[in-house]
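Numbering of ligands and ligand atoms starts at 1, following listing order.
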Amino acid sequence: MINIVLFGKPGAGKGTQAEFLKEKYNLVHLSTGDIFRHNIKNGTELGKTAKAIIDRGDLVPDEITTNMLKDAVDQNPNANGFLFDGYPRTIAQAEALDQILADKNSSNTATIALEADDEILVQRLLERGKTSGRADDQDEEKIRNRYQEYNEKTAPLIDYYTAQGKFHAVNGIGSIAEITERLSNVIDNL
Ligand SMILES: Nc1ncnc2c1ncn2[C@@H]1O[C@H](COP(=O)(O)OP(=O)(O)O)[C@@H](O)[C@H]1O
């Protein structure tokens, strides 16, 4: 089983790259952002709880997010491997993921970060907000709040995975195909 955590700041291109990587490596793509948006669209209890938090640009509490992620993993018992996108975003979530995979007699193979400059990313998100319909992409203050959440809660994962010898980073600036190529080079050499 190969399990990859795709890591990076909001707007780094995780979702775009995941679409290519999941096909290439036959992985189940689990995006917590997509699952939250699906629940919001369908008006589920989870969606109602998460909406206001997400619209502010805050992180949804760990317990809610981890339960949701665990359910999604459990729904794919025959997966060849998983591509995690947007999870984990806190140390508690990273520890939970290690446990979820250990319970399946598996583990995180590698965490691969897409790196890009904050200012470029903020501009990308504002551009995306014009067409995506995502409230959290339409207001610069909310976007800045997401970067603050990233810096406080998510950036410490770099040390967490580096200590496990699992952290890899690629340049996230370039064409979509070039970046897929860079990510594939890392995966092929694991
Ligand atoms: N692992 C997570 N933990 C807490 N909140 C999450 C998580 N994944 C997604 N969210 C919530 O959903 C929002 C959108 O997530 P995502 O689509 O991955 O966005 P981005 O484009 O900011 O990377 C986040 O800003 C956060 O509020």
Exercise answer, ligand 1 polar atom pairs (N/O) under 3.5 angstrom:
residue	atom	partner	partner atom	Å
ligand 1	1 (N)	Gly86	O	2.8
ligand 1	1 (N)	Gln93	OE1	2.9
ligand 1	3 (N)	Gln93	NE2	2.9
ligand 1	5 (N)	Val60	N	3.0
ligand 1	8 (N)	Thr32	OG1	2.7
ligand 1	8 (N)	Gly86	O	3.3
ligand 1	8 (N)	Arg89	NH1	3.0
ligand 1	17 (O)	Arg37	NH1	2.8
ligand 1	17 (O)	Arg37	NH2	2.9
ligand 1	17 (O)	Arg134	NH1	3.4
ligand 1	18 (O)	Arg89	NH1	3.2
ligand 1	18 (O)	Arg89	NH2	3.4
ligand 1	19 (O)	Arg134	NH2	3.3
ligand 1	21 (O)	Arg128	NH2	2.8
ligand 1	21 (O)	Arg146	NH2	3.4
ligand 1	22 (O)	Arg146	NE	3.4
ligand 1	22 (O)	Arg146	NH2	2.7
ligand 1	23 (O)	Lys14	NZ	3.3
ligand 1	23 (O)	Arg89	NH2	3.0
ligand 1	27 (O)	Asp58	O	2.6

**Study point:** salt_bridge(Arg144, Glu141) N-O dist < 4.0 Å
**Key:** no
Check your understanding: Does the side chain of Gln99 pick up a donor-acceptor pair with the side chain of Asp103 at under 3.5 Å?
Key -> yes
Check your understanding: Which residues, ordered by chain and number, are linked to Leu69 in its hydrophobic cluster, where ILVMFWY side chains connect at heavy-atom gaps below 4.5 Å, directly or through other members?
Key -> Met1, Val5, Phe7, Val28, Leu30, Val73, Phe82, Phe84, Tyr87, Ile91, Leu97, Ile100, Leu101, Tyr150, Leu157, Ile158, Tyr160, Tyr161, Phe167
Review point. Hey, are the side chains of Met68 and Val60 touching, using non-hydrogen atoms and a 4.5 Å cut-off?
Key: no
Practice item. Answer yes or no: are there more than 12 heavy-atom neighbours, outside Lys166 itself, under 6.0 Å from its atom NZ? Key: yes
Practice item. Determine whether more than 12 heavy atoms belonging to other residues, nucleotides or ligands lie under 6.0 Å from atom CD of Glu63. Key: no
